[in-house]
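Every number for a ligand or one of its atoms is a count from 1 in the order of the listing. Fair warning: this is a prediction, and the values are worked out from it, not measured in the lab.
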Amino acid sequence: MAEFEPVIGMEVHAELLTESKMFCDCSAQFGGPPNSRTCPVCLGLPGSLPVANKKAIEYVIRTALALNCKISEHSIFHRKNYFYPDLPKDYQISQYGETPIGVGGWVDVTVNGETRRIRIRRVHLEEDTGKLIHAGGNESLVDFNRSGVPLMEIVSEADIHSAEEAREYLVRLRAIVTYLGVNDGKMEEGSFRCEPNISLRPRGTEKFGTRTELKNLNSFRAVYRGLDYEINRQEEILQEGGKVVHETRRWDDTRGVTATMRGKEFEQEYRYFPEPDLVPMEFSREFVEEQRAPLPELPEDKKRRFVEELGLPAYDAEILTNTREFAEFFEETLKAFPEPKTVSNWMMGDFSRLLNAAGIEIAESKVRPADLAGLLRMISDGTISGKIAKSVFEEMFETGASPEEIVKKKGLTQITSEAELYPAIDQVISENPKIVEDFLGGKEKSFGFLVGQVMRYTKGRANPQAVNRLLRERLAVAAQK
Ligand SMILES: [Zn+2]
């Protein structure tokens, strides 16, 4: 990409984890039988009046503070007018213009060791729409359970310049909202969703090119692939002297392409105006400071602490703090086994590999921090070998059993006693006369092979240091014959 520079801005919608909806007391939980969580307010029936959810407003303020935003002293709700079957009032209550709850923040993002600051333009509060379910044929059904669920929108400046940066920005943003406990971060369920807009411009120029917007990105991987595809598609058009069309495009994850969803030749006119049924919001400095108090240690601070106090490499600290649950698991394990780098290696290695293969998050895993610590203790005190530990861990992951149980049940304890190791070593020596001869003739490499055979003979249970020592002893005896 020498010739063109990608310019990406990101809109993120995050459903807030409040008990009730934004303007009524219906449950805001995900799921439930269709249309079971509705009332006159969230169905937009005439005569119903909205009342703002204070918790949702507090959550947005906390997020805005965590994103280094300024909190507006005055803020109001607007009506965004448009027709769509999932919007029963024919308008969505949102926030428009200069007075969103939070303005002017930033998130620092590290890609390939280089840290860049992505500015946040605004953080505001609105309500979610219902959900259309396309039933096939000409039929569509609508479920209003989601109608009126508090939705936070976080809009970045167009400061992102690659698909990697976009993905990393979202990873950090998701970490922040999940650490705060204001959102569950579930991209696949749509409670944390993003819509990037992207354009290309000749490198070294300022003016933005024509942009497209991308929808249907349900995973970090989809964000990366979708943007990568769109960057290449626009680049090809521009290189051939063509023009990019201003439109919304849909990412097709199966085919790995973006396709036109709807044109934007006519910018929709929403006729925003202040919502007359809701009072303006006034935030005193005291109220804002009170919202700062419950902020937990945020991912950036945790990351820094892991590097400075625990001596972890920045890369480890970054991965470990990507989700709150992952970081907490690490810290819990550390309490019982205080060797940060060893715990980190297991979490980033075997544990992550198994989680990925199973397609689950750490919170859904059966492994408990105390059991991972127990396993690491058994390795460090020589009860089991590192190799055996890997298979024990797989079983822990599979069944949730403790490492002590598994090792006991399967008789996996490490063999260190000479009485048990000599027979295995003698067997290997007698079965491999040629290799023994090579070793005695000066071929040191043959020794490794013999150690390997002893390990195999004992099904990996032999203590490698003991095998080394005893095997050399036995070979020295053989040499004298
Ligand atoms: Zn309701």
Side-chain angles (χ1 to χ4, degrees), residues 11-64 75-96 99-101 123-135 139-154 177-178 180-193 195 270-283 291:
E11 285 179 12
V12 168
H13 284 96
E15 283 176 5
L16 296 173
L17 288 172
T18 52
E19 297 271 320
S20 57
K21 291 187 179 180
M22 188 59 226
F23 300 113
C24 60
D25 57 11
C26 292
S27 167
Q29 306 293 304
F30 180 80
N35 297 306
S36 62
R37 294 165 182 179
T38 56
C39 73
V41 174
C42 56
L43 287 176
L45 300 187
S48 62
L49 280 174
V51 178
N53 183 332
K54 187 178 176 202
K55 193 99 217 159
I57 295 168
E58 290 175 357
Y59 280 0
V60 172
I61 293 179
R62 281 178 211 170
T63 308
S75 188
I76 61 168
F77 287 106
H78 291 83
R79 286 188 183 181
K80 178 181 181 179
N81 297 280
Y82 67 97
F83 171 77
Y84 205 67
D86 64 6
L87 189 69
K89 295 195 295 286
D90 277 357
Y91 60 83
Q92 178 191 25
I93 303 180
S94 181
Q95 294 197 284
Y96 180 67
T99 56
I101 293 176
V123 181
H124 74 243
L125 183 52
E126 58 191 32
E127 56 177 342
D128 211 341
T129 61
K131 205 172 187 174
L132 285 180
I133 296 143
H134 302 289
E139 270 189 349
S140 287
L141 303 170
V142 63
D143 177 6
F144 288 115
N145 283 355
R146 203 180 66 179
S147 172
V149 166
L151 197 59
M152 172 169 65
E153 181 167 345
I154 302 167
V177 293
T178 53
L180 291 170
V182 303
N183 174 261
D184 64 15
K186 288 186 179 161
M187 290 181 91
E188 62 293 346
E189 280 178 15
S191 49
F192 182 89
R193 47 190 193 260
E195 281 161 28
Y270 292 117
R271 300 190 180 269
Y272 282 96
F273 65 86
E275 165 61 67
D277 289 341
L278 287 161
V279 292
M281 294 172 278
E282 306 273 333
F283 303 125
Q291 299 316 308

When rounded to the nearest 0.5 angstrom, what distance separates NZ in K55 from CZ in R62?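 Here the interatomic distance stands at 5.5 Å.
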Name the atoms and distances for all side-chain donor-acceptor pairs under 3.5 Å in residues 22-31, with sequence neighbours left out.
{"residue": "S27", "atom": "OG", "partner": "Q29", "partner atom": "N", "Å": "3.1"}

Protein N/O/S atoms under 2.8 Å from the Zn ion (ligand 1): how many?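 Protein N, O or S neighbours of the Zn ion (ligand 1) under 2.8 Å, waters not counted, come to 4.
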Can you list everything that forms a side chain to side chain contact (heavy atoms under 4.5 Å, CB included) with T63? Sequence neighbours excluded, please.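 Side chain to side chain contact (heavy atoms under 4.5 Å, CB included) list for T63, sorted by chain: L67, M152, I154, V177, L180, V182.
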Would you please say whether a donor-acceptor pair under 3.5 Å links the side chains of S191 and E15?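 No - no donor-acceptor pair under 3.5 Å links their side chains.
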Side chains of H78 and E275: do they bring a donor and an acceptor to under 3.5 Å?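 On atom types as modelled, these side chains do not qualify, holding no pair under 3.5 Å.
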F273: ring-ring contact (aromatic ring centres under 6.0 Å, His included) partners, not counting sequence neighbours: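 Expected list: none.
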